[in-house]
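Below you'll find the structure, written out as structure tokens, and then a few comments.
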Amino acid sequence: MSDYAKGLEGVIANESALSRVEGLEGKLSYLGYDIDDLVNGCTFEEVTYLLQNGQLPNQSELDAFCESLRGRRELPQGVVDFLKSAPKDALPMDIIRTGVSMLGLTDKRAKIGEPDHEANREVALSIVAQIPVIVAYYHRARQGMDLPPVRTDLGEAAHFLYLINGEEPSEAMARTLDIAYIIHADHGMNASTFSARVTVATLSDMYSAVTSAIGTLKGPLHGGANEGVIQMLEEIGEEDKVDAYVEDCLTNKKKIMGIGHRVYKVLDPRAPHLQKMAIKLTEELGEPKWINMSNRIAEIMRERKGLNANVDFYSATVYYSMGIPTDLFTPIFAIARAAGWTAQVLEQLQDNRLYRPLTKYVGPQETMPVPPISER
Ligand SMILES: CC(=O)SCCNC(=O)CCNC(=O)[C@H](O)C(C)(C)COP(=O)(O)OP(=O)(O)OC[C@H]1O[C@@H](n2cnc3c(N)ncnc32)[C@H](O)[C@@H]1OP(=O)(O)O
Ligand SMILES: O=C([O-])CC(=O)C(=O)O
């Protein structure tokens with residue numbers, strides 16, 4: 001036990017009205033609306049509006065918001081050229097990180113220094129609209145496929161699936177992804193959101209903040225865990241090998257991806273939604289192996305360690321069953337979380353203060369003379 005909050009556990013770093021994560025109760029709400037009700041009654045666009053404007057839109061507000069988002073999809077030519085010429089084996093998360101950073105090169109609205117809140121709101125919308133196109137265009141370009149022009153007649157989830165697959169998705173598929181987007185949109189002071197806030201709190205610009213966040217989301221202890229889950233399931237291979245695999249991990253203190261959470265001490269309230277969708281999709285595919293293996297892993301970890309599935313655990317099987325390549329799982333998380341990152345950046349700038357915690361110094365106590373290089 002250390003005498004400081006290692007990993008900032010339990011430390012409250014700021015105030016936010018956006019999402020409420022109740023770790024002991026296993027509850028999540030955005031702006032006072034329970035995640036279950038948002039999943040049942042809203043689209044991702046409504047939730048993005050809620051996060052960025054503080055209230056749910058009425059129909060005309062939603063229509064104007066969707067039109068505005070859809071009108072911002074087209075990427076600058078420089079970014080398109082980059083996506084076409086980038087290495088075909090790059091990590092899509094690295095592509096988005098660089099792509100968002102490139103968007104910031106040419107967007108004159110993004111400024112450092114005293115915040116221009118109106119300009120920042122515009123930039124926030126552009127980032128939400130353009131990240132999915134960066135992901136999809138790179139995915140097509142790396143396969144040597146054409147880059148179809150963006151469309152303005154499809155919602156966010158349907159448009160992304162249209163771009164990666166080259167054909168319009170069924171309503172059911174689009175809604176499945178839409179629900180996944182809602183579930184991933186915001187989550188308190190998670191590591192990537194914290195990164196975004198730390199960056200913008202220096203009065204840097206929104207693109208820099210989102211670039212920091214993307215780099216942070218990528219790691220397997222955070223958003224990258226959803227890709228780790230499928231890699232783990234593929235490594236295990238068969239249902240009857242699950243118990244031995246988990247036992248081996250526990251013995252060797254190897255982490256099981258998609259399990260455990262810093263804040264939730266009970267089941268992550270987002271997991272049941274994803275589990276339900278994973279069951280439905282795998283049943284339709286006639287391939288229940290992945291969900292059966294996942295359920296067994298979750299059961300063992302609950303019984304043996306008191307640890308539960310987090311949001312990354314079942315999302316992996318959902319995306320896998322939708323035919324989405326594994327290395328696009330974390331990018332999909334980024335597409336959805338862009339709504340939260342940008343809303344959190346806007347909120348940070350409304351009442352800003354630089355983040356600057358302390359470190360407990362554990363180096364030499366006495367200062368030493370610097371010896372000449374010939375004597376070291
Ligand atoms: C969207 C998201 O970011 S959700 C999280 C996604 N990340 C993952 O799924 C990766 C796997 N999970 C983990 O690594 C962790 O549970 C974290 C990083 C999410 C949170 O962990 P922390 O609060 O930092 O807990 P920490 O890593 O210190 O673990 C505490 C104890 O639980 C164990 N533990 C935690 N998660 C796991 C796991 N997934 N598998 C096995 N053991 C685990 C640790 O080994 C440790 O055990 P010990 O006390 O016997 O040494
Ligand atoms: O809150 C966290 O630490 C991680 C998480 O679940 C998320 O970002 O969705």
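Order of appearance sets the numbers: ligands from 1, and atoms from 1 within every ligand.
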When you check the gap from the basic side-chain N to the acidic O, do [X] and [Y] get nearer than 4.0 Å?
X: K84; Y: D81; value: no
X: K27; Y: D34; value: no
X: D153; Y: R70; value: no
X: D146; Y: R140; value: yes

- Item | Centroid-centroid distance, Y355 to F194, less than 6.0 Å | yes

- Residue shell around ligand 2, heavy atom under 4.0 angstrom: H187, N190, H222, H261, R270, F333, R337

- Side chain to side chain, Y320 and E287, heavy atoms closer than 4.5 Å: yes

- Query: If we only count heavy atoms from C-beta on, is the D186 to V47 side-chain gap below 4.5 Å?
  - Reply: no

What are the polar N/O contacts of ligand 1 with the protein below 3.5 Å, with distances?
unit_1, atom_1, unit_2, atom_2, d
ligand 1, 3 (O), H222, ND1, 2.7
ligand 1, 7 (N), L221, O, 2.9
ligand 1, 9 (O), G258, N, 2.8
ligand 1, 9 (O), N310, ND2, 2.9
ligand 1, 12 (N), I259, O, 2.9
ligand 1, 14 (O), K255, NZ, 3.0
ligand 1, 16 (O), I259, O, 3.4
ligand 1, 23 (O), R262, NE, 2.8
ligand 1, 24 (O), R262, NE, 3.4
ligand 1, 24 (O), R262, NH2, 3.1
ligand 1, 27 (O), K255, NZ, 2.5
ligand 1, 39 (N), I256, O, 2.7
ligand 1, 39 (N), I259, O, 2.7
ligand 1, 40 (N), I256, N, 3.0
ligand 1, 50 (O), K253, NZ, 3.3

- Which class fits the ring pair H187 and Y264: parallel under 30°, tilted 30 to 60°, perpendicular over 60°? tilted

- Task: May I ask you to decide if the ring planes of Y319 and H184 are parallel, tilted or perpendicular, using 30° and 60° as cut-offs?
- Result: tilted

